[in-house]
Amino acid sequence: MAGTAVFAELVDEDGAFKYYSYGEWKKSSSGKSVAIINPTTRQPQFKVQACTQQEVDKLMDEAKTAQKSWAKTPLWKRAELLHKAAALLKEHKVAIADCLVKEIAKPAKDAVTEAVRSGDLVSYCAEEGVRILGEGKFLIPLGVILAIPPFNYPVNLAVSKIAPALIAGNSIVLKPPTQGAVAALHMVHCFHLAGFPKGLISCVSGKGSEIGDFLTMHPIVNCISFTGGDTGIAISKKAGMIPLQMELGGKDACIILEDADLDLAASNIVKGGFSYSGQRCTAVKVVLVMESVANALVDKVKAKVVKLTVGPPEDDCDITPVVTESSANFIEGLVMDAKQKGATFCQEYRREGNLIWPLLLDNVRPDMRIAWEEPFGPVLPVIRITSVEEGIHHCNASNFGLQVQQLNRSLTVY
Ligand SMILES: NC(=O)C1=CN([C@@H]2O[C@H](COP(=O)(O)OP(=O)(O)OC[C@H]3O[C@@H](n4cnc5c(N)ncnc54)[C@H](OP(=O)(O)O)[C@@H]3O)[C@@H](O)[C@H]2O)C=CC1
Ligand SMILES: O=C(O)[C@H](O)COP(=O)(O)O
């Protein structure tokens, strides 16, 4: 499906996906491409251009020029184009979802949801822009925005940067994640088909480790919007005196107190911890449960975990292969550390290639890496606590600060 029909012009004669600059799909002069490995088959699935620094320089210049006239374009016109792009994203949801399935092993239905939700988000941003103007407030553009999203929502977390930037009168240079780049290129083509001015939106492909520094330190960039892991910390040290928007990793805790509804808690823990195999920044990544209800809760969670389906994303399984082999190896390292230090394995640890079966680890203690680190995979630690203060202390001692959920009958805090 990917690269066919309206998307055929994205592919060069060698089968590599082109990059997008000045309203055109182009082959890089580097003559090099970057392979995208299908997490399920572990075979190369797609290729994208490895863009050169000269190509980046050129599209940055174009972005700077295009932004100046875009900022003068009436807001209703900007909103109109965004609504067109949103409709195109929804129209092409199947082609986009097909890429998500093959590049990041997103379960088939969730992949379609990501495309549709992205369309909704683009429309929402257009509406918000108009509403803000209606309140008599002004949207002040910053200039050229560099957008770098992560692999887990390569379309949704890209449009969540692109649409607000465009409605406010900025131009966009997008660097999609390598795994997920082709889905992102399909998304960019929807913006192309919507008819945005040349140079306003560009999309550079290449490995972040190779082209990333050149992009993030580029003098034309006026703001960086980044979502990802610790790479964001490195970027913040290298970037110049420009606004940075950083959405980074997390160790989102779920605290269960004695009077919690344990059935509700178990459902939320399984949904929160294991959806898209735990590869969500908002995933439940540690359960802190009062000792007095821990056995009952763990039994309920176990009963639900056993029902999760495990297999390929094409079959819409609950648990699908994690994004890369190195990610699977990292997760395995956390599991082995917990095993060596005496965690209780509620299921047998099982892995085939990048596919890791869902695993609940009970009796996790603070000396285990899994108590603190983000697996970004289908492995969930349970830490038993004897007071709410102990749970809160654990959350506050974490290096991360994304979100916390506390469940008792009277209080649910996000
Ligand atoms: N707080 C939030 O809202 C969210 C946070 N996340 C977090 O994202 C992480 C998972 O995503 P993942 O993609 O693995 O994160 P990474 O930090 O590995 O990569 C994120 C993006 O940065 C790019 N990149 C890599 N190196 C550089 C560099 N030197 N300069 C500029 N860009 C670079 C990557 O490109 P390439 O792929 O080519 O390397 C990718 O596009 C998790 O920690 C998760 O918690 C995820 C979603 C939401
Ligand atoms: O990366 C993420 O986890 C997303 O930004 C959160 O989306 P979700 O909670 O709706 O999955």
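Predicted model only: the values in this text are computed from it and were never measured. Ligands are counted one by one from 1 in listed order, and the atoms in each one are counted from 1 as well.
Taking all heavy atoms of Thr113, Asn152, Thr227 into account, the minimum distance to atom 1 (O) of ligand 2 is reached by Asn152. Among Ser327, Cys281, Gly208, Ala181, the residue whose heavy atom lies nearest to atom 39 (O) of ligand 1 is Gly208. For atom 41 (O) of ligand 1, the choice among Gly228, Pro150, Pro149 with the nearest heavy atom turns out to be Pro149. With Phe376, Phe214, Tyr153 as candidates, the residue nearest to atom 10 (C) of ligand 1 on a non-hydrogen basis is Phe376.
Taking a 4.0 Å cut-off on heavy atoms, Gly180 fails to register as neighbouring ligand 1. The closest approach between any non-hydrogen atom of Ala234 and ligand 1 is not below 4.0 Å. Within the structure, the closest approach of Thr282 to ligand 1 does not fall below 4.0 Å when heavy atoms are considered.
Between the side chains of Lys161 and Ser225, at least one donor N or O sits under 3.5 Å from an acceptor N or O. When only modelled atom types and interatomic distance are considered, Gln49 and Asp12 share a side-chain donor-acceptor pair under 3.5 Å. Judged by distance alone, the side chains of Ser28 and Glu55 do bring a donor and an acceptor atom under 3.5 Å apart.
In this structure, the ring of His186 has its center no less than 6.0 angstrom from the ring center of His189.
Between Tyr20 and Trp25, the ring planes lie tilted relative to each other; the angle falls in the 30° to 60° range.
Distance alone, capped at 3.5 Å, is enough to place a donor-acceptor pair between the Gln179 side chain and the Ile37 backbone.
A 4.5 Å side-chain heavy-atom check between Val364 and Val286 finds every atom pair outside the cut-off.
If you number the atoms of ligand 1 from 1 as listed, the ones under 4.0 Å from a heavy atom of Gly206 come out as 38 (O).
Here the protein heavy atom with the shortest distance to atom 2 (C) of ligand 2 is Cys281 SG, 3.1 Å. Among protein heavy atoms, atom 7 (O) of ligand 2 sits closest to Arg117 NH2, 3.3 Å. For atom 6 (C) of ligand 2, the nearest non-hydrogen atom of the protein is Thr282 OG1, 3.5 Å. At the shortest separation from atom 11 (O) of ligand 2 among protein heavy atoms lies Tyr153 OH, 2.4 Å.
Polar contact with ligand 2: absent for Leu157 (N/O pair, distance under 3.5 Å).
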